[in-house]
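Here is the structure we will look at.
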Amino acid sequence: QEAEGATPEKLEFQSDVARLRKIVINSLYSHRDVFLRELISNANDAIEKLRLTALKDKSLVDPDKPLNITLKMVKDEEDESVQRKLIITDTGIGMAPEELKANLGTLAKSGTSEFLAKADGENAGNLIGQFGVGFYSSFLVASHVYVASRSLPTAENPNPVQHVFSSDAEEGSFEVYLDPRGNTLEHGTEITLILKKDAKEYAESATIQNLVEKHSAFSTTFPIFLFDRLKEEVPVEDEEDESAPADAEKKTESEDDDDAIIEDVTEKPKEKKMKTILTDHWMRLNEQPPLWQRDPKSVTDQEYKDLYKATFHDYSEPLAWYHFSGDAMGTAFKAIFYVPSHVPADFWNSGTPSPKDIRLLVKRVFITNDLGEDALPKWISWIKIIVDADDLPLNVSRETLQNTRFLRQLKNAIMKRFIQLMTKIAEEEPERFTKINEQYNPIFKLGALEDEKDSTKLAALIRYDTNTRDKISLEEYVSNRKKGQKQIFYLAGMGQRKDDLLKSVFLERLTARGYEVLLFNEPLDEILVNKLRKWGGMKFQDSAKSGLKFGDEEEDEEEEKERQKVLEEQYKPLLDWLTTQTKGIVADVKVSQRLVTSPCAIVAHQQGMSANMERLMKAQTQKTNAPQAEWAKGLKTLEINPKSPLIEGLLRRVENLPAEEADQDAEVVDEMKEVAAILIDSALVRSGFEVADPNIFFTRIDHVLRRSLGVSEKLEADKNVKPAPPVETGPLKEDDDEPDLLVQPGMGGMGDIGADFVDWKDFKAKREAEGSSEPEDSARPHDEL
Ligand SMILES: Nc1ncnc2c1ncn2[C@@H]1O[C@H](COP(=O)(O)OP(=O)(O)OP(=O)(O)O)[C@@H](O)[C@H]1O
């Protein structure tokens with residue numbers, strides 16, 4: 001009687017699988033070793049799944065059955081033509097027939113479509129390192145793959161039957177059928193690779209041992225056994241016993257009685273007959289205890305890196321790691337955390353972090369990698385950790401775990417160690433730290449903002465560019481302060497390049513005098529200094545705000561005050577006049593002490609909002625604290641540079657105005673007002689603010705340009721344009737092959753765009769009266785656009 005499912009069901013691979021298999025088979029030849037790592041990793045996952053299921057329902061799994069991975073090679077030493085096989089078996093969760101179809105016949109893996117998209121354009125060989133192609137890598141070495149699998153019993157199916165998935169490397173289809181051998185597996189999966197002719201070495205014990213040691217020693221904490229048939233030379237036992245000394249040769253040295261008779265006994269080399277026998281061994285390959293259980297002194301860097309790659313499926317090397325033991329709530333644990341080569345691409349976009357890379361084990365057994373959203377604060381949620389606790393109850397659920405003080409203490413221990421590690425590297429290995437900092441500088445900023453307790457320690461790790469140096473710490477800034485300097489100067493311009501920041505008006509005097517200024521161009525910079533307020537006893541001072549003090553003012557305070565007084569008197573007419581011109585834009589007009597070359601700048605008050613903050617607020621939300629924000633925005637001063645020829649010129653013009661308004665020439669006054677308005681608007685732009693109405697700003701510039709070119713300010717552009725034809729009725733005519741032209745031959749050019757509406761009929765009549773036969777006149781050249 002034929003059992004159900006015994007007839008093979010032939011199925012086509014999903015098209016993406018077919019593509020992936022092709023890429024794998026064709027282009028990853030030089031990386032084909034990876035197949036074993038991928039299959040062992042799948043086997044480990046399957047056993048971990050089984051272990052977790054068994055924690056919930058013990059009746060499903062026989063506790064006496066071992067959880068392991070076995071590797072077996074099948075070959076005929078005598079006959080090379082016999083195809084060799086490698087069989088990888090796990091006692092994991094197994095797959096039901098529909099899972100065999102779905103998991104191995106379709107692509108559900110997240111990274112694979114990305115792999116496929118990239119693999120089309122690039123050498124896929126380079127990509128394997130980044131992605132790992134899972135099960136399909138079997139086809140790198142196998143011409144045919146059989147996957148026999150038996151799933152765990154369930155309530156609906158208390159006695160699952162073993163099925164086989166079979167697929168040939170050459171075909172785009174696979175078959176799933178009842179295993180004719182019956183249930184050879186208790187539960188789990190057995191993958192038989194029929195090795196290609198050129199992949200014979202994968203049936204050699206030495207090759208397999210070497211590969212497991214290289215790539216998979218850390219992929220699993222479950223034992224990996226290799227079944228090996230060893231040749232051994234053993235003595236032939238059923239030979240007659242020849243152990244008696246062979247013909248002792250008696251040689252009389254002397255016949256003299258006094259002399260002892262020395263017998264020289266030479267044992268004739270005993271020709272023991274040997275024979276070669278084959279012995280079967282199950283050899284444990286990953287015998288070392290898991291790396292985190294070992295003494296850190298006995299672990300090499302390479303081993304740490306290999307563990308990282310195998311555990312977190314990241315093929316780039318970690319930048320740093322830390323291996324430590326600790327105690328949380330009386331539970332001893334061992335842990336290793338890793339700093340990956342990159343912060344995950346979506347880190348800044350994702351709101352609430354849900355760290356997926358804290359692998360919690362209890363007594364070496366994997367429990368979970370989902371410790372919930374609060375497992376770690378956002379700033380460090382990217383870290384990758386292995387924690388092995390000594391005695392948490394094995395069946396802890398995620399919810400219970402989340403509430404344990406164990407987790408809270410663990411979290412604190414990890415953060416503390418991370419900061420310690422970074423601080424140590426920063427102090428002892430500056431070059432290495434520079435590399436880490438390239439990736440993690442914004443993370444340190446976020447940490448300093450988020451973490452109340454260790455804010456200062458994290459801020460000490462931040463590196464800033466300045467107008468005089470690159471990548472310095474706040475500590476280094478403080479030790480480079482000038483005599484008397486009590487402020488840490490900074491200039492903030494979110495998203496601006498360093499070169500642009502260096503050109504800022506606010507740096508003119510500071511740079512000219514040789515003071516160092518921190519350059520901020522990331523969103524968190526200004527927010528962070530507002531939180532820190534001080535560093536090493538020095539206050540942070542925005543160089544674009546009032547209140548800036550060099551600290552040496554006292555030296556020539558009197559002289560300076562006198563100079564300022566003279567200038568203020570000299571410029572009083574201009575200051576007064578500008579005050580009336582700038583109502584509503586700035587609160588004050590002053591003679592500047594900070595400008596060197598620029599004619600003027602807009603400076604925010606100490607309590608006001610810097611240009612950078614204004615932009616930040618605008619980018620985040622338009623409405624936050626609207627009235628306060630508006631008030632803060634108003635706190636600005638226009639500073640004029642008394643040494644600028646432009647300002648001097650304006651002063652002369654103001655001085656020349658007749659005192660009585662009635663006597664003033666209206667045209668001259670308008671012209672001056674326009675110049676003042678442009679000056680203020682450009683000061684706003686130069687200082688990083690936005691002008692209130694860019695259109696008016698450009699109209700004013702237009703006027704000034706006309707004046708300088710001697711073009712009348714009243715003359716308007718010709719607004720006469722061809723209006724659109726009347727509404728078309730009836731069905732739409734198909735376009736013929738004529739090219740689309742933006743402007744028809746003989747029609748208006750630039751001046752037409754955006755001009756006023758002119759009635760179509762009037763226009764047509766006018767053009768006809770002018771004798772135009774447009775638009776057919778294709779001989780005319782096209783107007784320039
Ligand atoms: N030995 C196995 N036991 C049970 N299920 C398996 C086994 N090998 C593969 N599978 C199932 O087949 C699926 C596809 O495997 P594949 O190796 O292609 O991708 P993956 O393991 O999900 O991803 P990756 O290999 O990148 O980690 C797995 O997700 C798993 O459900």
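Order of appearance sets the numbers: ligands from 1, and atoms from 1 within every ligand. Residue numbers run from 1 in the order of the sequence given. Keep in mind the model is a prediction, meaning the values are calculated, not measured.
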For residues Asn42 and Glu38, is any side-chain donor paired with an opposing acceptor at under 3.5 Å?
->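 The criterion, which ignores hydrogens and geometry beyond distance, is not satisfied for Glu38 and Asn42.
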
Do ligand 1 and [X] have nitrogen or oxygen atoms that lie under 3.5 Å from each other?
{"X": "Asp45", "result": "no"}
{"X": "Asn103", "result": "yes"}
{"X": "Asn42", "result": "yes"}
{"X": "Phe135", "result": "yes"}

Decide yes or no for Ile358 and Phe337: does some side-chain heavy atom of the first lie under 4.5 Å from some side-chain heavy atom of the second?
->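 Heavy-atom side-chain distance check fails, nothing below 4.5 Å.
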
Could you tell me which atoms of ligand 1, counted from 1 in the order shown, lie closer than 4.0 angstrom to a heavy atom of [X]?
{"X": "Leu104", "value": "12 (O)"}
{"X": "Ala46", "value": "2 (C), 3 (N), 4 (C)"}
{"X": "Glu38", "value": "25 (O)"}

Ion pair [X]/[Y], N-O distance below 4.0 Å:
{"X": "Glu317", "Y": "Lys309", "value": "yes"}
{"X": "Glu201", "Y": "Arg32", "value": "yes"}
{"X": "Arg84", "Y": "Glu204", "value": "yes"}

Please state which part of [X] comes within less than 4.0 Å of ligand 1, counting heavy atoms only: side chain, backbone, both or neither.
{"X": "Thr189", "result": "side chain"}
{"X": "Ile191", "result": "neither"}
{"X": "Glu99", "result": "neither"}
{"X": "Leu39", "result": "neither"}

List for me each residue that meets side-chain hydrogen bond (donor to acceptor under 3.5 Å, both in side chains) alongside Lys85, sequence neighbours excluded, and say none if there are none.
-> none

List in chain and number order the residues that pass side-chain hydrogen bond (donor to acceptor under 3.5 Å, both in side chains) with Lys424, two or more places apart in sequence or in another chain; answer none if no residue qualifies.
-> none

Apply the ring-ring contact (aromatic ring centres under 6.0 Å, His included) test between His323 and each candidate in Trp292, Tyr308, Tyr304; give the one that qualifies.
-> Tyr304

